[in-house]
There are 2 protein chains.
Amino acid sequence: MAVAEVKSNRTASKEARRQQLIQATIKCISKRGIGGTTMSEVASEAGLSQGIVNLHFKSKDNLLNETLRWVAEEYKSQFEKTLEKSGPGPEDKLLALMELDLRPSVCDRHKLAVWFAFWGEAKAVPTYQRMCDAYDREYDEVIGRLCEQIIKDGGYQAIDARTVTEALSSMTDGLWLSCLISPKSWDRQIARDAVHGYLRAVFPKHFE
Amino acid sequence: MAVAEVKSNRTASKEARRQQLIQATIKCISKRGIGGTTMSEVASEAGLSQGIVNLHFKSKDNLLNETLRWVAEEYKSQFEKTLEKSGPGPEDKLLALMELDLRPSVCDRHKLAVWFAFWGEAKAVPTYQRMCDAYDREYDEVIGRLCEQIIKDGGYQAIDARTVTEALSSMTDGLWLSCLISPKSWDRQIARDAVHGYLRAVFPKHFE
DNA sequence: GAAAAATGAATGAATAGTCATTCATTTTAT
DNA sequence: ATAAAATGAATGACTATTCATTCATTTTTC
């Protein structure tokens with residue numbers, strides 16, 4: 001996920017240029033929304049000229065799709081790294097993944113604005129919906145497996161892994177919305193407490 | 001919040017016409033997103049002519065702002081009605097309000113698409129952000145008061161009303177996102193279980 | 001090793017299309 | 001007949017896309 005280096009204005013690999021333009025697109029979407037993002041502005045944000053975006057991405061639609069893919073992949077790679085490095089128990093992994101969503105590098109208004117911009121168009125643009133849905137499914141599968149293990153491990157009764165998964169992933173998405181809409185009153189510690197409080201309440205043996 | 005009746009094509013009160021156009025705008029946003037919503041399409045959706053929207057709303061910006069206000073007011077009136085009619089205990093009111101968010105009339109993809117469309121532009125369009133923030137604050141105040149009463153009533157220790165409020169409102173927002181993005185796998189009962197499971201875990205004396 | 005040719009990336013002016021907005025005209029209600 | 005409301009063609013601004021030209025770098029030739 002490292003952003004390829006851009007050497008000079010005329011010499012840069014195709015891939016590096018695409019990365020540079022995707023980064024510019026992310027900035028534009030965050031500042032002006034998808035509706036307010038124009039090809040010229042993306043080019044100018046990247047310090048390049050008018051036609052450059054059509055040269056590297058066929059069309060605006062394509063640029064936006066690739067940008068969504070990049071954002072989703074960036075998140076996914078952080079998610080996988082966190083999953084791998086945390087542990088050893090499933091409860092440790094679950095907590096680490098929840099905290100990832102609230103880390104300043106992930107839960108940052110500029111990045112959240114991009115996610116919400118795509119979600120906001122998802123019903124109108126089926127490709128966005130399909131892509132978001134696919135990534136969500138992967139996410140839920142991992143969280144679901146961890147919950148199952150925790151439930152089995154703790155012998156919890158009358159708790160359904162899918163329900164807990166839905167509750168947890170919904171909570172973090174909703175906390176993102178709060179951060180986006182009410183940045184003044186949003187408090188990272190309260191967000192963490194909300195998640196942790198839920199985990200403690202549902203899985204007391206693991207999170208007390 | 002009743003949608004004013006439109007009698008004939010040429011005789012309709014100014015207010016009725018505005019309502020009619022706002023309804024058309026909601027349909028357009030749901031179908032094509034904010035970016036894809038044009039003044040002509042709104043007019044045509046309403047069965048009226050080109051210039052009509054500029055006649056009744058000064059500009060597109062104004063139309064969108066008024067549409068957001070309408071959507072927020074519609075929700076608010078349902079919220080207040082629910083708050084009033086439920087009870088008697090704060091736990092009954094809280095549960096009723098949570099279930100309101102998951103009712104088919106509220107948690108419906110077409111309506112959710114509109115909310116998310118505005119949220120998706122909120123960072124880029126400060127008027128959207130301010131308005132959403134203001135309505136959110138009212139919501140949180142009511143939920144917060146109910147939680148405080150429940151905590152006091154049950155003598156719950158080490159539970160902070162604000163944290164629970166944030167957790168609950170986030171959860172419902174996140175469940176809305178799931179409904180929007182993954183309608184195929186979304187299950188209203190699981191959503192209800194997620195909310196109810198949280199309430200039971202946090203306020204066992206009230207929700208067992 | 002230097003000059004010439006080729007390569008491929010970037011530029012930015014031109015094009016075609018879309019859209020919000022305006023307003024002179026038409027329609028309707030009273 | 002008059003006022004209010006609606007119409008829809010016209011306008012002007014904006015934007016995605018194209019493409020002929022420019023430029024820096026690399027390769028080839030002698």
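So you know, we letter chains A, B, ... as the sequences are listed, proteins then strands, and number each from 1.
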Mind calculating the distance between [atom1] ([X]) and [atom2] ([N]) to the nearest angstrom?
X       : N      : atom1 : atom2 : value
B:Ile52 : C:dT21 : CD1   : C1'   : 14 Å
A:Leu63 : D:dA16 : CG    : C1'   : 12 Å
B:Arg32 : C:dT18 : CZ    : C1'   : 15 Å
A:Gln50 : D:dA16 : CD    : P     : 9 Å
B:Asp61 : C:dT21 : CG    : C1'   : 13 Å
A:Lys58 : D:dA16 : NZ    : C1'   : 14 Å
A:Leu21 : C:dA9  : CG    : C1'   : 12 Å
B:Gln20 : D:dA5  : CD    : P     : 14 Å

Classify the ring geometry between [X] and [Y] as parallel (under 30°), tilted (30 to 60°) or perpendicular (over 60°).
X        : Y        : result
A:His206 : A:Phe203 : perpendicular
A:Phe207 : A:His196 : perpendicular
A:Phe118 : A:Tyr128 : perpendicular
A:Trp119 : A:Phe116 : perpendicular
A:Tyr139 : A:Phe79  : tilted

Report yes if at least one side-chain N or O of A:Lys60 is closer than 4.0 Å to OP1 or OP2 of D:dT17; otherwise report no. no
Check whether any side-chain N or O of B:Arg17 sits under 4.0 Å from OP1 or OP2 of D:dA5, and answer yes or no. no
Please classify the nucleic acid contact of B:Ser44 as base, sugar-phosphate, or nothing, using heavy-atom distances under 4.0 Å. nothing
Counting side-chain heavy atoms from C-beta on, which of [options] comes nearest to [X]?
X       : options                : value
A:Thr38 : C:dA20, D:dA16, C:dA10 : D:dA16
B:Asn54 : C:dT21, D:dG8, C:dA10  : C:dT21
B:Leu55 : D:dA5, C:dT21, D:dT17  : D:dA5
A:Met39 : D:dA9, D:dA16, C:dG12  : D:dA16
B:Leu48 : C:dA20, D:dT18, D:dT7  : D:dT7

Starting from the 5' end of DNA chain D, give me the residue, B:His56 or A:Ser59, whose nearest nucleotide shows up first. B:His56
